[in-house]
Amino acid sequence: MREKDNISVTLLDWYDVHAREMPWRVSPQARRAGRIPDPYAIWMSEIMLQQTTVATVKEYFIRFIARWPEVRDLATAQDADVMAEWAGLGYYARARNLLKCARAVVAEHNGVFPADHAALLKLPGIGPYTAAAVSSIAFDLPHAVLDGNVERVMARLYDLHTPLPDAKPQLMIHAQTHTPSLRAGDYAQAVMDLGATICTPKSPACGICPLQDACTARANGTMAELPKKLPKKAKPVRHGTVYLGQRTDGAWLLETRPEKGLLGGMLGWPGSDWVDVALAHPDSSPPAAGDWTLMAGDVRHTFTHFHLILRVVSAELPQNTTPIAGTFKPRDDFRPSDLPTVMRKAFDLLHTDATPHMTKDGSLL
DNA sequence: AAGCCGGGGGG
DNA sequence: CCCCCAGGCTT
């Protein structure tokens, strides 16, 4: 086993050769040539990368930057436009905080992201990880990033068997130990790249790992079982009903969900509450009078903490319909891609299987 | 400290 | 189909 005192040098050398291309990334070569990363772009990428893979984020990042090139553009955007652009990316509180943060940077920091870890930490949506990531990647300040990748790399490097999240303080100490005072940004990206591409959760590619000779778990053969985690709890199943109503002129009956809670601030179909299978089926009344039809099949979707099974009920509504819930959105004003995934699945069900399961008879609903 | 928040990819 | 992954906010 080699000593662990030059981990950062080894990783930086590896990163010089193996750094992946990303739309927000300044390559180590470009950085040496004097190119400075755009803190706004780094911040936006890091918010999107919370709980989300690089492959998924790329297209969203490109669209956001094209539409709102600078923080002042985003700060003056309409809430609904930002939420619609975020649709499908998940964890919608991130989008609400993205907007809050952009407005705070304009209002409190003159439109310039502060090159200061403590100041970044005070901004909405920026926690310990993101403050360290922006500090290091955008400003080359020597703050240690500790995301899931770094946790895994450090747990294996030190063969640490303490389960997460109890192990976090120890892992953070190791992460800080290896963070260099020079090239802190490249180092942060290097260690996260390593975790994403080589030191992977399952079947890590130890044979091509630049740290293989320094890795204690590799020496002990325990890398596949690290990091240990506390057991997760089972997800309950909930049931509900959504109503997809389309007026004769093509307008859809939609509602904007409340700011707080599940899918907060997002567009969705009116419907019942979502209740546990053990309870009575939700008493759901349609959002407007009409000839409602239960569609064949159902929508199945899994959220962070429960599985959901939705009945989908549809109707063609007369032009003079007065909604009980929701508002009509003109056909040309509505794109299915503005919906969070579970709501888009309901829309897809309507259009891929247009055969009614049974005709509405009044008692059905 | 524990619970609340999506969605994608892999076995 | 099920399992795994993983930051920040709220309470």
Side-chain angles (χ1 to χ4, degrees), chain A residues 43-60 83 85-101 104 120-135 143-155 163-169 171-172 175 188 192 195-197 199-205 224-238 257-268 274 298-310 337-346 348:
Chain A
W43 160 76
M44 182 172 291
S45 71
E46 289 299 340
I47 299 298
M48 290 180 170
L49 286 165
Q50 291 168 10
Q51 317 291 66
T52 311
T53 58
V54 169
T56 302
V57 163
K58 275 184 180 171
E59 50 194 298
Y60 282 88
M83 299 312 289
E85 205 67 74
W86 195 276
L89 201 50
Y91 285 111
Y92 297 97
R94 293 186 295 170
R96 302 193 296 274
N97 285 329
L98 188 83
L99 209 33
K100 281 186 199 162
C101 184
L120 288 166
L121 204 45
K122 290 193 177 82
L123 291 165
I126 298 185
Y129 163 76
T130 307
V134 174
S135 295
H143 288 93
V145 293
L146 188 67
D147 73 339
N149 291 305
V150 182
E151 287 173 357
R152 190 166 55 252
V153 170
M154 292 300 150
L164 286 166
D166 292 353
K168 282 197 182 209
L171 294 170
M172 184 49 134
M192 291 191 284
T197 63
C199 195
T200 50
K202 282 169 288 191
S203 25
E225 60 193 74
L226 294 176
K228 302 271 194 191
K229 304 203 170 184
L230 261 19
K232 56 275 170 197
K233 33 180 109 164
K235 293 176 178 166
V237 179
R238 293 181 188 170
R257 299 173 62 86
E259 277 293 303
K260 288 181 180 289
L262 193 73
L263 306 177
M266 296 300 293
L267 211 53
W274 300 343
D298 50 38
V299 167
R300 287 164 188 267
H301 188 77
T302 300
F303 291 97
T304 315
H305 53 298
F306 65 94
H307 302 285
L308 178 65
I309 301 176
L310 283 181
S337 62
D338 291 351
L339 297 170
T341 298
V342 65
M343 299 294 176
R344 190 184 43 71
K345 284 182 182 175
D348 290 346

>> What contact category does A:I47 fall into here, base, sugar-phosphate, or nothing, at under 4.0 angstrom with non-hydrogen atoms?
In response: nothing
>> For a quick check of understanding: with a heavy-atom distance under 4.0 Å over all strands, which category does A:T302 fall into, base, sugar-phosphate or nothing?
In response: base
> With sugar-phosphate meaning primed atoms plus P, OP1 and OP2, does A:G264 contact a base, only sugar-phosphate, or nothing at under 4.0 Å between heavy atoms?
Replying inline: nothing
> What are the two closest heavy atoms between A:R238 and A:W274, and how far apart are they?
Replying inline: CD-O, 3.9 Å
> Which residue lies toward the 5' end of DNA chain C, A:E151 or A:H307, if each is placed at its nearest nucleotide?
Replying inline: A:H307
> With a non-hydrogen cut-off below 4.0 angstrom, is A:Y91 in contact with a base, only sugar-phosphate, or nothing?
Replying inline: base
> Tell me: CZ of A:F306 to P of B:dC5, nearest whole Å?
Replying inline: 8 Å
> Where do A:G88 and A:T341 come nearest, in terms of heavy atoms and distance?
Replying inline: CA-OG1, 3.9 Å
>> Looking at the base of C:dG7, is there any donor atom on it, or on the side chain of A:Q51, that sits under 3.5 Å from an acceptor on the other one?
In response: yes
> Does A:T130 make a side-chain N or O approach to OP1 or OP2 of C:dG8 shorter than 4.0 Å?
Replying inline: yes
> Can you list the steps and then say if A:H305 with A:F303 is a ring pair (Phe, Tyr, Trp, His ring centres under 6.0 Å)?
Replying inline: CA-CA 6 Å; A:H305 53 298; A:F303 291 97; 7.6 Å; no
> Base, sugar-phosphate alone, or nothing: which one does A:K100 contact when heavy atoms must sit under 4.0 Å apart?
Replying inline: nothing
>> Please tell me if A:K260 has a side-chain N or O lying less than 4.0 Å from either OP1 or OP2 of B:dC5.
In response: no
> Nearest-Å distance, CZ (A:R94) to P (B:dC5)?
Replying inline: 15 Å
>> I'd like the P distance from B:dG11 over to C:dA6, given in whole Å.
In response: 15 Å
> Of the nucleotides B:dG6, C:dG8, C:dA6, which one has an atom closest to the side chain of A:N149?
Replying inline: C:dA6
> Checking all strands, does A:R152 fall into the base, sugar-phosphate, or nothing category for heavy-atom contacts under 4.0 angstrom?
Replying inline: sugar-phosphate
>> Within the 4.0 Å heavy-atom criterion, would you say A:T53 contacts the bases, only the backbone, or no part of the nucleic acid?
In response: nothing
>> Output the rounded distance in Å from CD (A:E59) to P (B:dG7).
In response: 14 Å
> NA contact type, A:L49, heavy-atom cut-off 4.0 Å: base, sugar-phosphate, or nothing?
Replying inline: nothing
> Quick one: on DNA chain B, does A:S203 or A:H305 contact a more 5' nucleotide (nearest heavy atom)?
Replying inline: A:H305
> If you take all heavy atoms of A:P340 and A:L263, which pair is closest and at what distance?
Replying inline: CB-CD2, 3.9 Å
> Does C:dG8 pair with anything, Watson-Crick or G-U wobble, both distances under 3.5 Å, and if so, with which nucleotide?
Replying inline: B:dC4
> In whole angstroms, how far is the C1' atom of B:dC4 from the OH atom of A:Y92?
Replying inline: 16 Å
> How close or far is atom P of C:dG7 from atom CG of A:D147, stated in whole angstroms?
Replying inline: 5 Å
> C:dA6 C1' sits how many Å from A:M154 CE, rounded?
Replying inline: 18 Å
> Nearest to the side chain of A:L262, which nucleotide is it out of B:dG8, C:dC9, B:dG6?
Replying inline: B:dG6
>> Would you measure the distance from the P atom in B:dG6 across to the matching atom in C:dT11 and give it in whole Å?
In response: 15 Å
> Can you check side-chain contact (heavy atoms from CB on, under 4.5 Å) on A:L164 and A:K228, steps first, answer last?
Replying inline: CA-CA 6 Å; A:L164 286 166; A:K228 302 271 194 191; over 6 Å; no
>> Restricting to non-hydrogen atoms, name the atom on A:R94 and the atom on A:I47 that form the minimum distance, rounded to 0.1 Å.
In response: NH1-O, 3.1 Å
> Whole Å only: how far is the NE2 atom of A:H301 from the C1' atom of C:dC2?
Replying inline: 16 Å
>> What is the distance, to the nearest angstrom, from the CZ atom on A:R96 to the P atom on C:dC9?
In response: 12 Å
> If we take the P atom in both B:dC5 and C:dC5, what is their distance in whole Å?
Replying inline: 23 Å
> Is it true that A:D298 and A:R300 have a side-chain N and a carboxylate O under 4.0 angstrom from each other?
Replying inline: yes
> Does A:Y60 or A:K202 map to a spot on DNA chain B nearer the 5' end, using the closest nucleotide for each?
Replying inline: A:Y60
> So which one's nearest nucleotide on DNA chain C is more toward 5', A:P201 or A:P124?
Replying inline: A:P201
